[in-house]
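To start, the structure under review is shown below, and the notes come after it.
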Amino acid sequence: MRTQRQVIDYSLQRRAVLRDVRSGRVAALEVCDASPYLRNAATYHGEPTDERCPICRRDNLTLVHYVYGEELKQSAGQARKLAELPVLAMTLREFQVFVVEVCRSCAWNHLIERYVLGRDGLPELDEDAPRASQSGEGRR
């Protein structure tokens, strides 16, 4: 998306958790703890992926996008479909998106990414600067 900025990727943290599970330092039940609300959000608002669950390997993971921001008021903290985010980004000045991967079979879940969207990320046109197309510059 054009206005996506301040991206934080949690893939290193995810790898560390999976390494601990595979080595036996952490039980799978400790990391497969998705709440019923998160699992429902994955069912109704999630975006399916082609990646298998790293714990159970039975089901593909689903990405759930949660939005937070002052302008969202009562709808802050809700899961949204990916297709809704560009509309929100052009409507609101700034809001955060948290992307969580969920396995609907075993309840694995992990925050994988966080970023900011909104109109504040669009470059503003300088009203005083002449444009090449209007001033004739750049044409030969």
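Side chains are part of it too, since the values below use all heavy atoms of this structure and drop only hydrogens, waters and symmetry mates. For clarity, every value in this text was computed on a predicted model and none was experimentally measured.
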Hydrophobic cluster membership, Leu38 vs Tyr10, 4.5 Å side-chain cutoff: yes
Distance-minimising heavy-atom pair for Tyr115 and Val99: CE2-CG2, 3.8 Å
Gap between atom SG of Cys103 and atom NE2 of His110 - 0.5 Å precision: 14.5 Å
Asp33 vs Asn109, side-chain hydrogen bond (donor to acceptor under 3.5 Å, both in side chains): CA-CA, chis, key distance, verdict: CA-CA 7 Å; Asp33 60 351; Asn109 65 100; 3.0 Å; yes
Flag, side chain of Arg104 to backbone of Arg39, donor-acceptor distance under 3.5 Å: no
Worked verdict on Leu117 versus Leu92 for side-chain contact (heavy atoms from CB on, under 4.5 Å): CA-CA 8 Å; Leu117 287 177; Leu92 303 173; over 6 Å; no
Working for side-chain contact (heavy atoms from CB on, under 4.5 Å), residues Val87 and Met90: CA-CA 5 Å; Val87 175; Met90 298 312 293; over 6 Å; no
Neighbour count above 12 (heavy atom, 6.0 Å) for Leu29 CG: no
Carboxylate-amine/guanidinium contact Arg14 Glu51, below 4.0 Å: yes
Heavy-atom side-chain proximity of Ser105 to Cys53 below 4.5 angstrom: no
Side chain proximity check, Arg19 to Arg25, heavy atoms < 4.5 angstrom: yes
From Asn40 atom CG to His45 atom NE2, the distance as rounded to the nearest 0.5 Å: 9.0 Å
Val17/Trp108 under side-chain contact (heavy atoms from CB on, under 4.5 Å): CA gap, chis, key distance, verdict: CA-CA 11 Å; Val17 169; Trp108 157 262; 4.0 Å; yes
Minimal non-hydrogen separation, Leu72 against Phe95, with atom names: CD1-CB, 4.1 Å
Heavy-atom pair of closest approach, residues Arg58 and Cys106: NH2-CB, 3.8 Å
Asp50 CG to Asn60 CG distance, which is reported to the nearest 0.5 Å: 6.5 Å
Residue list, salt bridge (charged side-chain N to carboxylate O under 4.0 Å, His left out) with Asp59, at least two apart or on another chain: none
ILVMFWY network linking Ile8 to Val116, side-chain heavy atoms under 4.5 angstrom: no
Listed partners of Arg52 passing salt bridge (charged side-chain N to carboxylate O under 4.0 Å, His left out), at least two apart: none
4.5 Å side-chain heavy-atom contact, Asp9 and Ile112: no
Non-hydrogen side-chain atoms of Phe98 and Glu113 separated by less than 4.5 Å: no
Backbone of Lys81 reached by a side-chain donor or acceptor of Glu84 within 3.5 Å: yes
Spacing of CG belonging to Leu88 relative to OG belonging to Ser75, to within rounding of 0.5 Å: 7.5 Å
Quick one: side chains of residues 61-71, donor-acceptor pairs under 3.5 Å with protein atoms, not counting sequence neighbours, listed by atom name and distance.
residue: Glu71; atom: OE1; partner: Arg93; partner atom: N; Å: 2.7
residue: Glu71; atom: OE1; partner: Glu94; partner atom: N; Å: 3.4

Where Leu85 and Arg80 come nearest, the two heavy atoms and their spacing: CD2-CB, 4.3 Å
